[in-house]
2 protein chains.
Amino acid sequence: MRRIGDFKKKARIILIDDNFDHLSGVKELISMESDYDVIATATSANVGISLIKKYRPDVVLMDINMPEKDGLSAIQEIEKLDLGVKVIALTGYDDSDLIFRAMKIGAKGYILKTMASAQLIYAIEEVVNGKIYLPAALSSRFFEYFQKSFREEMNEVTDEENLLTYLTAREEEVLELLTQGVTYKGVASQLFISETTVKTHVNNIFQKLQVNDRTQAVLYALNNGFGNRKRMKVAI
Amino acid sequence: MRRIGDFKKKARIILIDDNFDHLSGVKELISMESDYDVIATATSANVGISLIKKYRPDVVLMDINMPEKDGLSAIQEIEKLDLGVKVIALTGYDDSDLIFRAMKIGAKGYILKTMASAQLIYAIEEVVNGKIYLPAALSSRFFEYFQKSFREEMNEVTDEENLLTYLTAREEEVLELLTQGVTYKGVASQLFISETTVKTHVNNIFQKLQVNDRTQAVLYALNNGFGNRKRMKVAI
DNA sequence: GTCTTAATAGACCAAAGGGTTTAGACCGCT
DNA sequence: AGCGGTCTAAACCCTTTGGTCTATTAAGAC
């Protein structure tokens with residue numbers, strides 16, 4: 001119940017879902033909660049994004065299984081606008097890869113359409129309060145996927161021997177510059193040594209890394225965690 | 001209570017904590033639960049790892065703030081043994097970077113020493129059942145950090161213009177091979193074209209990417225999400 | 001003091017890479 | 001039919017890179 005002097009602002013929500021029935025259902029559900037206002041709805045991502053630009057809602061519930069423009073790209077686009085809008089992904093699939101990608105691009109929550117309405121409300125509440133919400137079941141899936149993607153990388157980098165460890169300090173300096181695309185001449189002047197010295201170092205590097213040219217040396221360095229930087233490949 | 005015919009196996013646990021008082025406390029706490037057996041304890045990571053190799057426990061509770069060998073390296077070492085041992089990180093700090101790193105290297109849980117004992121027991125239970133457990137509060141911190149590390153990358157890759165988009169299909173094929181360390185001769189034979197044609201393509205690539213040589217072109221490609229692969233830098 | 005390793009650097013040669021220009025063939029578009 | 005873009009390829013020349021061998025110097029190990 002609201003009285004005069006009750007200044008608590010209702011959180012403003014926009015719903016985006018190509019399934020009109022589901023959209024109405026969710027709207028109905030949320031409207032029963034006095035704390036939230038569904039200020040607009042859309043059945044396509046593009047229309048939804050225009051509405052978001054126009055109304056600057058607090059929260060967006062986004063179905064990510066839509067035809068024309070998929071929900072993930074839409075979320076990415078919304079994040080790029082940087083309006084501070086909190087997006088909750090809504091979908092039927094509890095696919096760990098999907099969840100991972102959604103969280104990666106900035107979703108503040110991810111809930112399944114099959115979940116109880118109380119959970120949806122709770123998720124909105126948490127997200128409005130600046131938290132990130134994942135149902136326990138999805139949280140597990142997310143972490144599995146997360147750890148898997150890093151384990152693969154660990155093996156690449158840690159496994160067996162890392163030939164980079166055989167390099168001397170000076171050789172590492174030289175390689176460091178090579179990984180920045182510097183020429184021999186450039187390396188020479190930056191390290192205050194002659195170009196022939198650079199060549200000597202580079203040749204030693206090639207032998208130690210068992211490669212034939214600069215490009216391969218640079219690739220080896222990058223793929224095997226040069227310095228303390230590790231690199232990971234992940235498809236969005 | 002156990003009776004004859006009760007075949008349920010107790011989960012076997014090893015505790016590693018350099019603080020002997022805390023270690024005893026936790027041991028006491030767990031022993032009150034009839035489902036778990038603390039089969040060994042250690043006050044240093046190295047001793048702990050030997051015990052793990054010897055006894056193959058189901059779960060390890062590892063304090064990650066220890067002197068000599070830090071707990072994170074210890075976890076990494078345990079994971080590399082690949083014994084299926086589930087490690088729960090135990091610490092006083094709810095530092096999001098720490099949590100991120102612990103989860104990244106394979107911890108199945110992360111709990112704070114200040115947390116209620118019931119939560120510790122619950123975490124063990126979840127982990128024993130193959131799940132991953134993070135207290136809600138830490139979960140939030142983890143996700144913040146996770147999203148932050150990816151947002152930085154997104155900006156690098158998505159921001160402004162990606163010169164790679166100007167490349168023709170053929171040029172992309174050539175560049176793809178260059179990013180694998182293939183020489184011009186190799187590219188020529190793999191694409192069934194002459195070496196001079198390769199050089200023509202490569203020169204066009206250089207101009208479009210505004211670089212001067214193969215190494216720089218390869219680096220540009222790698223850093224700007226060549227194909228649908230994005231690369232991220234993360235220090236372990 | 002001797003031995004080893006790392007860093008420095010020169011000479012010389014061969015191979016690969018890079019810049020520029022020109023040009024034919026093919027494709028899609030208007 | 002003509003225009004523009006792409007793919008193909010050659011000729012010519014110059015620069016950079018890579019391979020090998022040799023040699024001096026300094027630092028550290030034993």
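In what follows, every chain begins at residue 1, and chains take the letters A, B, ... in the order their sequences are listed. Predicted model only: the values in this text are computed from it and were never measured.
- At a non-hydrogen distance threshold of 4.0 Å, nothing from residues 203-219 of chain B comes into contact with DNA chain D.
- In terms of the side-chain hydrogen bond (donor to acceptor under 3.5 Å, both in side chains) criterion, A:S139 has no residue partners (sequence neighbours excluded).
- Of the residues in residues 192-202 of chain B, those lying under 4.0 Å from DNA chain C by heavy-atom distance are B:K199.
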Would you mind writing out the side-chain donor-acceptor pairs for residues 197-206 of chain B within the sub-3.5 Å range, not counting sequence neighbours?
unit_1: B:T197; atom_1: OG1; unit_2: B:S194; atom_2: OG; d: 3.1
unit_1: B:T200; atom_1: OG1; unit_2: B:T196; atom_2: O; d: 2.9
unit_1: B:N203; atom_1: ND2; unit_2: B:K199; atom_2: O; d: 3.0
unit_1: B:N204; atom_1: ND2; unit_2: B:T200; atom_2: O; d: 3.3

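- Whole-Å rounding puts the B:Y166 OH to D:dT6 P distance at 13 Å.
- In this structure, the side-chain hydrogen bond (donor to acceptor under 3.5 Å, both in side chains) partners of A:D94, at least two apart in sequence or on a different chain, are A:R141.
- Residue B:K185 contributes atom NZ, which lies 17 Å from atom C1' of D:dA9 at whole-angstrom precision.
- Taking B:R56 as the reference, nothing meets the salt bridge (charged side-chain N to carboxylate O under 4.0 Å, His left out) condition, with sequence neighbours excluded.
- A search for side-chain hydrogen bond (donor to acceptor under 3.5 Å, both in side chains) contacts involving A:E195 returns nothing, not counting sequence neighbours.
- Between A:L191 atom CG and C:dA7 atom P the separation is 11 Å, expressed in whole Å.
- Annotation: salt bridge (Lys or Arg N to Asp or Glu O under 4.0 Å) contacts involving residues 206-218 of chain B, sequence neighbours excluded, comprise B:E171-B:K208.
- Of the listed nucleotides (C:dT8, D:dC7, C:dA6), D:dC7 has the atom at the smallest distance from the side chain of B:T168.
- At whole-Å resolution of the value, CZ in A:R170 and C1' in D:dA26 are 14 Å apart.
- Closest approach of A:M62 to A:I75, counting heavy atoms only: CG-CG1, 4.2 Å.
- Under the ring pair (Phe, Tyr, Trp, His ring centres under 6.0 Å) criterion, A:Y110 pairs with no residue, sequence neighbours left out.
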